[in-house]
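In what follows, a structure is listed as structure tokens, so that the remarks can point back to it.
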Number of protein chains: 2
Amino acid sequence: MKLSKTADYSLRILSFMAKKPDELHTAKELVDKLNISDKYLRRLMTKLSKSGFIKSVQGREGGYRFTKPTEQIFVSQIIDAVDGLDKYMGCILGFGACSDDNPCALHKKWALVRTDIMNLFKTTSIAEMAQKDVQKI
Amino acid sequence: MKLSKTADYSLRILSFMAKKPDELHTAKELVDKLNISDKYLRRLMTKLSKSGFIKSVQGREGGYRFTKPTEQIFVSQIIDAVDGLDKYMGCILGFGACSDDNPCALHKKWALVRTDIMNLFKTTSIAEMAQKDVQKI
DNA sequence: AACAAATACTACTTGCAAGTATTATTTAAT
DNA sequence: ATTAAATAATACTTGCAAGTAGTATTTGTT
Ligand code: SF4
Ligand code: SF4
């Protein structure tokens with residue numbers, strides 16, 4: 001019941017950036033603050049840039065900055081961009097899709113919980129995330 | 001938001017066996033019915049035997065059989081035995097444990113959902129699972 | 001005793017996410 | 001122009017879950 005590390009990293013990175021949403025953030029800064037492997041983070045930043053949440057400024061004095069208000073970026077969109085939401089939406093038993101017609105004993109309750117999770121992702125913005133620290137314990 | 005394949009297989013196997021809870025079931029039968037890789041299933045059966053849900057009968061005419069009423073075996077116990085429940089209980093962002101003191105924006109809602117999931121696992125018995133098919137789509 | 005049919009054990013292989021290393025490109029400052 | 005500091009791209013390595021192979025052991029049937 002966890003997100004992939006990639007999705008996890010993405011949320012932590014963007015949440016951190018969202019504390020100062022208009023500033024330019026360098027990869028170095030993010031690596032230092034968030035304890036994420038340097039090279040992996042950089043690759044991820046490129047991916048997030050291509051997904052449109054942030055844009056990169058190349059060259060000296062470069063970095064990354066949001067392309068739109070952080071109130072308009074939702075957790076669900078980020079997870080979808082890096083992992084695909086489908087990865088988290090399927091049957092709890094790893095099947096293709098839940099069938100409401102011939103459900104197992106877990107199906108109905110699981111479907112409810114799953115809906116809750118999705119709503120949680122869809123209604124939580126990065127701006128909201130940024131209000132509280134997301135620090136590695 | 002999925003269980004590991006190992007946990008998934010375990011649930012499917014025991015659910016299937018629980019349809020005829022007093023019979024002896026061979027690995028061959030389970031492989032044929034459940035489309036699970038032969039060798040992997042056999043290894044898993046040994047593990048489940050050691051966990052005490054079933055016991056093996058070796059030799060010709062051997063197989064596996066429940067050690068106690070399937071009403072007394074719960075999904076949570078099975079997941080715990082093969083994966084460890086902790087694997088599914090932690091922070092959604094992959095941290096060590098959720099801190100109620102300094103929570104991020106997801107924490108509270110996530111903790112609620114997580115409790116729901118755990119209750120689902122803890123209150124669903126294998127007997128209950130067996131009432132409905134758990135078939136690979 | 002020999003055989004057949006089942007489980008048990010140990011080691012190897014594969015696939016994928018995560019992590020690492022290297023080199024190329026971009027651009028501000030000098 | 002040169003340099004320095006940043007991002008971009010590509011390929012390689014590691015770690016772990018899942019899958020596979022082969023051999024050993026157990027036990028009922030003949
Ligand atoms: S009925 Fe059960 S096994 Fe089938 S898709 Fe739904 S949760 Fe999965
Ligand atoms: S507060 Fe958020 S990041 Fe921290 S443990 Fe809870 S869910 Fe995870």
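What you are looking at is a predicted structure, and each value in this text was computed from that prediction instead of being measured. Letters A, B, ... mirror the listed sequences (proteins, then strands); counts begin at 1.
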| Most 5' of Tyr64(B) and Ser37(A) on DNA chain C, judged by nearest nucleotide | Tyr64(B)
| task | Please name all residues satisfying salt bridge (Lys or Arg N to Asp or Glu O under 4.0 Å) with Asp83(A), sequence neighbours left out, ordered by chain then number. | result | none
| query | Is it the case that Tyr9(A) and Ser4(A) place a side-chain donor and acceptor less than 3.5 Å from each other? | reply | no
| note | DNA chain D: first to last nucleotide in contact with chain A (atom under 4.0 angstrom from a heavy atom), 5' to 3', is dA4(D) to dA11(D)
| said: Please say yes or no: joined through hydrophobic side-chain contacts below 4.5 Å, possibly via intermediate residues, are Trp110(A) and Phe74(B) part of one cluster? | reply: no
| query | In the 5'-to-3' direction, what one-character label does each nucleotide of nucleotides 22-30 of chain C receive under the scheme B = base within less than 4.0 Å of a protein heavy atom, S = sugar-phosphate only, - = no such atom? | reply | B---BBBS-
Which donor-acceptor pairs under 3.5 Å do side chains of residues 49-66 of chain B form with protein atoms, sequence neighbours excluded?
{"from": "Ser49(B)", "atom 1": "OG", "to": "Met45(B)", "atom 2": "O", "distance (Å)": "2.8"}
{"from": "Ser51(B)", "atom 1": "OG", "to": "Lys47(B)", "atom 2": "O", "distance (Å)": "2.9"}
{"from": "Arg65(B)", "atom 1": "NH1", "to": "Asp22(B)", "atom 2": "O", "distance (Å)": "3.0"}

| query | Should we count NZ of Lys28(A) as having more than 12 external heavy atoms under 6.0 Å? | reply | no
| CG on Asp8(A) to CD1 on Ile79(A), rounded to 0.5 Å | 10.0 Å
| Are any non-hydrogen side-chain atoms of Leu112(A) and Asp116(A) less than 4.5 angstrom apart? | no
| note | Sequence neighbours excluded, the answer for salt bridge (Lys or Arg N to Asp or Glu O under 4.0 Å) partners of Arg42(A) is Asp38(A)
| Nearest-angstrom distance from the residue atom CG of Asp38(B) to P of dA5(C) | 15 Å
| field | Side-chain donor or acceptor of Asp80(A) paired with backbone N/O of Leu85(A) under 3.5 Å | value | yes
| request: Could you identify which residues of residues 40-51 of chain A place a heavy atom less than 4.0 Å from some atom of DNA chain C, listed by residue number, or say none? | output: Tyr40(A), Arg43(A)
